[in-house]
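Structure first, then comments.
Residue numbers run from 1 in the order of the sequence given. These numbers come from the heavy atoms of this one structure, side chains and all, not from hydrogens, waters or symmetry mates.
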Amino acid sequence: MRVGIPKEIKNNENRVGITPAGVKTLVNAGHEVAVEKSAGLGSGFSDEEYRTHGAVIMDQAADVWNFAEMIMKVKEPLPEEYSFFREGLILFTYLHLAPEPELTKTLLSQKVRAVAYETVQLNDGSLPLLTPMSEVAGRMAVQIGAQFLEKPYGGKGVLLGGVPGVQQAEVVIIGGGVVGTNAAKVALGMGAHVTLLDLNANRLRYLDDIFEGKVATLMSDSYHIEQAVIKADLVIGAVLIPGSRAPKLVKDYMVQQMSEGSVIVDVAIDQGGSIETIDRVTTHADPTYVKHGVVHYAVANMPGAVARTSTLALTNVTTPYALRIARHGLEACAKLLPEVAKGINVYDGHITNAGVADSLGYPYTKIEELF
């Protein structure tokens, strides 16, 4: 199979779809790989490294897209890339289609076969291609929140861990999955008082156990969310429903009750966001805005800021799946690996993910019916 790696064009997105080691793996298996010039520089990989490991370096994005039978990316295509779509092209990347009606419409009309990293799901419910970026984003959310709590960044001037004789900051994390757990680890490590909310009582028991009671756990409902949020210095939205738009759990009236200079970091923004007062996606170049006196951070590609770590972590898990798709073809691979079938969001003009279909009002077609 011919595999193409275009340069990411999202604002300050420095990750790349594959490492030189991943190129070597594909080439050694008999596949051809084309990498757009400078695609890996943001992650510290030179064109020469890719070339040494068997990639062809192409000057233009259009050349890479036209060459490839499968495109491997990190983030969803932007409108400037829609013209590269064509029938039968395999697109293997993070898609987050629920809040992206125009991208979804274009993928459908061009009959692209789109496999979303974030909905590749194992039988135990885990998301192997999302997990590493959730780990990165969860850990980043706390250090970002700590920075924006500083007065020069618009915050109230609070140190997360406090000092002897001064109370530490209150960090509230909504969602006890991979993002929330990693955020709690870092917040605890920085000395904050941490409250974590989740819907699943068994998950709360597990978190209480692994954190040895050092994290306060609450059942996630409107009452407890309000009570926790209004006292928080830093709120981290860490809610995920695979494929679907994130529910708006933190309401406007709750944010109005937060003290001035508090900070909200919504890691769920790439699925539409879980905070009602977040009404737009921000970028690394302009990451925050203030509403009701509260600093809101809503960058949809947080891990792009730590591109070297993120690219290595991501491609550790995506490359083996890319190798299987390249070896067997998408259809045969999906039959062999049920998690790949769950990852297919759009196939030959049909929405094949129930969460995406429900969020955008499209009919849902089971992928098995199309094979």
Side-chain angles (χ1 to χ4, degrees), residues 1-10 13 17-18 26 31-36 39 58 60-121 129-130 242-243 270-271 318 321-335 337 339-371:
M1 184 176 282
R2 297 190 303 277
V3 181
I5 315 296
K7 182 178 173 63
E8 299 295 323
I9 61 172
K10 196 178 185 78
E13 181 50 75
I18 201 168
L26 288 169
H31 308 292
E32 300 175 66
V33 182
V35 177
E36 185 180 349
M58 295 185 171
Q60 303 295 327
D63 296 332
V64 174
W65 285 82
N66 291 333
F67 162 87
E69 297 168 273
M70 175 168 68
I71 288 287
M72 284 185 72
K73 290 183 85 278
V74 178
K75 292 303 291 180
E76 74 283 350
L78 298 183
E80 301 95 297
E81 298 169 299
Y82 293 178
S83 63
F84 301 142
F85 294 170
R86 65 180 187 276
E87 184 172 351
L89 176 70
I90 300 169
L91 178 62
F92 192 36
T93 188
Y94 287 119
L95 283 170
H96 300 290
L97 292 179
E100 293 284 351
E102 287 305 313
L103 173 58
T104 305
K105 180 181 178 181
T106 309
L107 291 170
L108 286 169
S109 66
Q110 297 301 313
K111 296 188 176 179
V112 174
R113 298 172 178 180
V115 186
Y117 292 162
E118 73 274 8
T119 63
V120 173
Q121 187 171 25
L129 306 190
L130 183 62
D270 51 12
Q271 287 291 136
T318 56
Y321 280 101
L323 185 62
R324 291 177 178 128
I325 294 171
R327 178 187 300 150
H328 301 290
L330 181 57
E331 294 80 2
C333 186
K335 291 175 183 177
L337 300 172
E339 66 267 31
V340 172
K342 291 181 181 179
I344 302 172
N345 282 202
V346 180
Y347 186 91
D348 289 358
H350 301 269
I351 296 288
T352 54
N353 179 279
V356 172
D358 182 63
S359 296
L360 294 176
Y362 283 100
Y364 163 61
T365 304
K366 290 183 178 180
I367 189 64
E368 295 79 9
E369 297 175 8
L370 301 177
F371 289 167

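You'll find the side chain of Leu330 reaches within 4.5 Å of the side chain of Val340, heavy atoms only. Between Lys342 and Thr119 there is no side-chain heavy-atom pair separated by less than 4.5 Å. Residues Val346 and Leu108 are in side-chain contact: their nearest non-hydrogen atoms beyond the backbone lie under 4.5 Å apart. In this structure, the side chains of Glu331 and Arg113 come closer than 4.5 Å at one or more pairs of heavy atoms. At least one side-chain heavy atom of Leu26 sits under 4.5 Å from a side-chain heavy atom of Leu323. Residues Glu76 and Lys10 are in side-chain contact: their nearest non-hydrogen atoms beyond the backbone lie under 4.5 Å apart.
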Under 3.5 Å donor-acceptor pairs involving side-chain atoms of residues 79-91, not counting sequence neighbours:
| residue | atom | partner | partner atom | Å |
| --- | --- | --- | --- | --- |
| Glu81 | OE1 | Leu78 | N | 2.8 |
| Arg86 | NH1 | Trp65 | O | 2.8 |
| Arg86 | NH2 | Ala68 | O | 2.2 |

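Note: Tyr94 OH to Asp270 CG = 9.5 Å, rounded to the nearest 0.5 Å. Of the inter-residue distances, the one linking Ile367 atom CD1 with Leu370 atom CG reads 5.0 Å to the nearest 0.5 angstrom.
Shortest non-hydrogen contact noted between His96 and Lys75 is CD2-NZ, 4.1 Å. Minimum interatomic distance between Asn345 and Ala116 (heavy atoms only, all atoms of both residues): OD1-CB, 3.6 Å. The shortest non-hydrogen separation linking Pro99 to Gln271 is CG-C, 3.9 Å. The minimum heavy-atom distance linking Ile71 with Pro6 is given by the pair CG2-CD, 3.9 Å.
Within the 3.5 Å criterion, the main-chain N or O of Phe67 finds a donor-acceptor partner in the side chain of Arg2. Under a 3.5 Å cut-off, the side chain of Glu36 and the backbone N or O of Lys7 do form a donor-acceptor pair. Between the side chain of Tyr117 and the backbone N or O of Leu95 there is no donor-acceptor pair closer than 3.5 Å. With hydrogens and angles ignored, the 3.5 Å screen pairs no side-chain donor or acceptor of Glu8 with any backbone N or O of Lys73. Side-chain N or O atoms of Thr93 include none that pairs as donor or acceptor with a backbone N or O of Met72 at under 3.5 Å.
The side chain to side chain donor-acceptor pair (under 3.5 Å) analysis of residues 350-371, with sequence neighbours excluded, yields no pairs.
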Carefully, step by step, assess Ile5 and Val64 under the rule side-chain contact (heavy atoms from CB on, under 4.5 Å).
-> CA-CA 7 Å; Ile5 315 296; Val64 174; 5.5 Å; no
